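These notes are about the structure you will find just below.
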Amino acid sequence: MSEVYFIAANKDVSLIDKLERLLEKVGVGNLNGVIALKMHMGERNNKTFVKPVYIKKLVDVVKQHGGDPFVTDTTTIYKEARYTGMDYYRTAFAHGFLPSYLGCPVIIADGLKDDGVQVNEQVEIAKSIYESDAMLLVSHATGHCASSFGGAIKNVAMGCVTKKTKKYQHEVTRPVRNPELCDECDRCREVCKLNAISEDHELIPEKCVSCGSCISECTSGALRSPEGMSENLQKRLAEVAHAVLRNLPYSKFLFVNFLIDITPFCDCGEYAPEYISPDIGVLASNDIVAVDLATIELIGTQVFEGDPTIQLREAHKLGLGELDYKIVRI
Ligand code: SF4
Ligand code: SF4
């Protein structure tokens with residue numbers, strides 16, 4: 001049975017003051033050398049990403065225990081304000097992730113465009129994450145419009161890889177079109193930033209990154225998500241998370257999930273804050289499956305769209321972690 005350590009959100013005591021003890025419980029002293037503190041610094045104008053004040057504290061604790069951390073994430077496949085390394089640096093700095101404040105470098109792990117190390121046919125790990133000595137994975141627990149839940153598994157699978165591998169996972173969410181319902185209004189073509197819809201309104205698979213923007217624009221119902229999307233995407237998340245964690249040249253990982261500002265969607269969007277749960281606290285574990293399952297069960301499975309545990313059962317089958325866990329409150 002895996003242990004998942006828990007500090008509760010409590011208005012009387014700052015979570016920040018408890019983070020050091022949390023990290024010590026999961027063995028922060030075992031992280032040596034260059035440590036990738038992998039997180040999601042938020043799409044531009046997103047308001048609910050894990051804030052720099054928490055990350056600064058985690059950086060301080062890692063450094064006190066002898067580690068040499070850098071804060072990192074990768075570029076997106078959709079064309080917004082984190083599409084290239086340059087875009088992402090501007091967004092990260094605008095959101096307060098400044099090296100001078102954090103006390104460590106901020107490095108976009110796949111470089112200025114798309115720099116990775118191929119570990120199997122589908123999976124390329126972002127170069128700076130591959131070249132680190134250990135990883136502290138900091139995940140913001142949220143719902144997700146395609147994968148039902150986003151936590152540590154998703155942070156590894158989607159967040160530690162290059163565009164090619166992000167695209168591989170998103171393939172199973174590519175919109176399908178019913179030509180009989182299409183009134184040729186052209187709105188899908190206008191909204192698609194990848195020019196992935198032809199003049200006769202067919203999707204061009206090589207160009208489409210499955211961002212879903214065209215579905216939102218299509219009022220006739222001609223475009224929709226594919227059948228089985230959530231299950232298929234969650235299975236790919238587990239497959240890629242497994243490939244990443246088993247092919248990195250190191251095996252020292254700590255998983256920290258923030259159960260605060262819990263939104264229905266991930267931090268890739270610019271949403272007005274809307275919450276599916278009150279703040280709960282922060283969890284940490286050496287077991288990626290256990291930490292995500294504990295996260296879902298503390299939030300409550302009923303608030304997620306569909307079954308959020310498919311990715312965890314799949315990851316467990318692949319040997320990534322345990323579905324049996326106990327929460328240790330500290
Ligand atoms: S938005 Fe929908 S209805 Fe309009 S052209 Fe595209 S597929 Fe057809
Ligand atoms: S075709 Fe639709 S889903 Fe694909 S990239 Fe364009 S807007 Fe996004």
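Atoms within a ligand are numbered from 1 in the order they appear, just like the ligands themselves. Residues take their numbers from the sequence shown, with the count starting at 1. Keep in mind that what you see is a predicted model, and the values were worked out from it rather than measured.
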Atom indices of ligand 2, in the order listed, that fall short of 4.0 Å to a heavy atom of P175: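 Checking each atom against P175, I get 3 (S).
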I'd like to check which ligand 2 atoms, numbered from 1 as shown, lie under 4.0 Å from a non-hydrogen atom of S210.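 Matching atoms, with element in brackets: 3 (S), 4 (Fe).
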Residues E239, K235: salt bridge by 4.0 Å N-O rule: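 Here E239 does not pair with K235 in a salt bridge, since their nearest N and O are not under 4.0 Å apart.
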For residues 290-299, tabulate all N or O donor-acceptor pairs below 3.5 Å that involve a side-chain atom, not counting sequence neighbours.
residue	atom	partner	partner atom	Å
D292	OD1	A152	N	2.8
D292	OD1	N257	ND2	2.9
D292	OD2	A152	N	3.1
D292	OD2	I153	N	2.9
T295	OG1	N257	ND2	2.9
T295	OG1	V291	O	2.6
E297	OE1	Y325	OH	2.5

Quick check: Y54 with F258 (ring centres under 6.0 Å apart)?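 Here the rings of Y54 and F258 have centres that are less than 6.0 Å from each other.
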Connected-component partners of M1 among ILVMFWY, side-chain separation under 4.5 Å: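 Members alongside M1: none; it stands by itself.
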Measure the distance from [atom] to every protein heavy atom, then report the residue, atom name and distance (to 0.1 Å) of the closest one.
atom: atom 5 (S) of ligand 2; result: V209 N, 3.4 Å
atom: atom 8 (Fe) of ligand 2; result: C211 SG, 2.3 Å
atom: atom 6 (Fe) of ligand 2; result: C192 SG, 2.3 Å

I want to confirm something. Looking only at heavy atoms, which of C208, P205, S198 is nearest to atom 4 (Fe) of ligand 2?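 Checking each option, the heavy atom nearest atom 4 (Fe) of ligand 2 is found in C208.
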Contacting atoms of ligand 1, where contact means under 4.0 angstrom from a heavy atom of D183: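 Near D183, meaning under 4.0 Å from one of its heavy atoms, ligand 1 has 3 (S), 4 (Fe).
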Is the cationic atom of K51 (NZ for Lys, CZ for Arg) positioned less than 6.0 Å from the six-membered ring centroid of F49 and within 45 degrees of its normal?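 Yes, K51 lies over the aromatic ring of F49.
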Cation-pi, Y101 ring and K56 (6.0 angstrom, 45 degrees):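 Here K56 passes the 6.0 Å and 45° test against Y101.
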Could you walk me through whether R82 and D267 satisfy the salt bridge (Lys or Arg N to Asp or Glu O under 4.0 Å) test, starting with their C-alpha distance in whole Å, then the side-chain angles of each, then the deciding distance to 0.1 Å, before giving a yes or no? CA-CA 12 Å; R82 297 178 301 137; D267 297 334; over 6 Å; no
Derivation and outcome, salt bridge (Lys or Arg N to Asp or Glu O under 4.0 Å), residues E80 and K193: CA-CA 9 Å; E80 296 294 341; K193 294 184 179 173; 2.9 Å; yes
Looking only at heavy atoms of V191, does any of them come nearer than 4.0 Å to an atom of ligand 2?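 The answer is no: ligand 2 sits nowhere under 4.0 Å from a heavy atom of V191.
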Restricting to under 2.8 Å, identify the protein N, O or S atoms around atom 6 (Fe) of ligand 1 as residue plus atom.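 C188 SG, with waters left out.
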What pair of heavy atoms forms the shortest contact from G159 to D73, and how long is it?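 Reported closest heavy-atom pair: O-OD1, 3.7 Å.
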Side-chain donor-acceptor distances from residues 61-68 under 3.5 Å, at least two apart:
residue	atom	partner	partner atom	Å
K63	NZ	G103	O	2.6
H65	ND1	V61	O	2.9
H65	NE2	E24	OE2	3.3

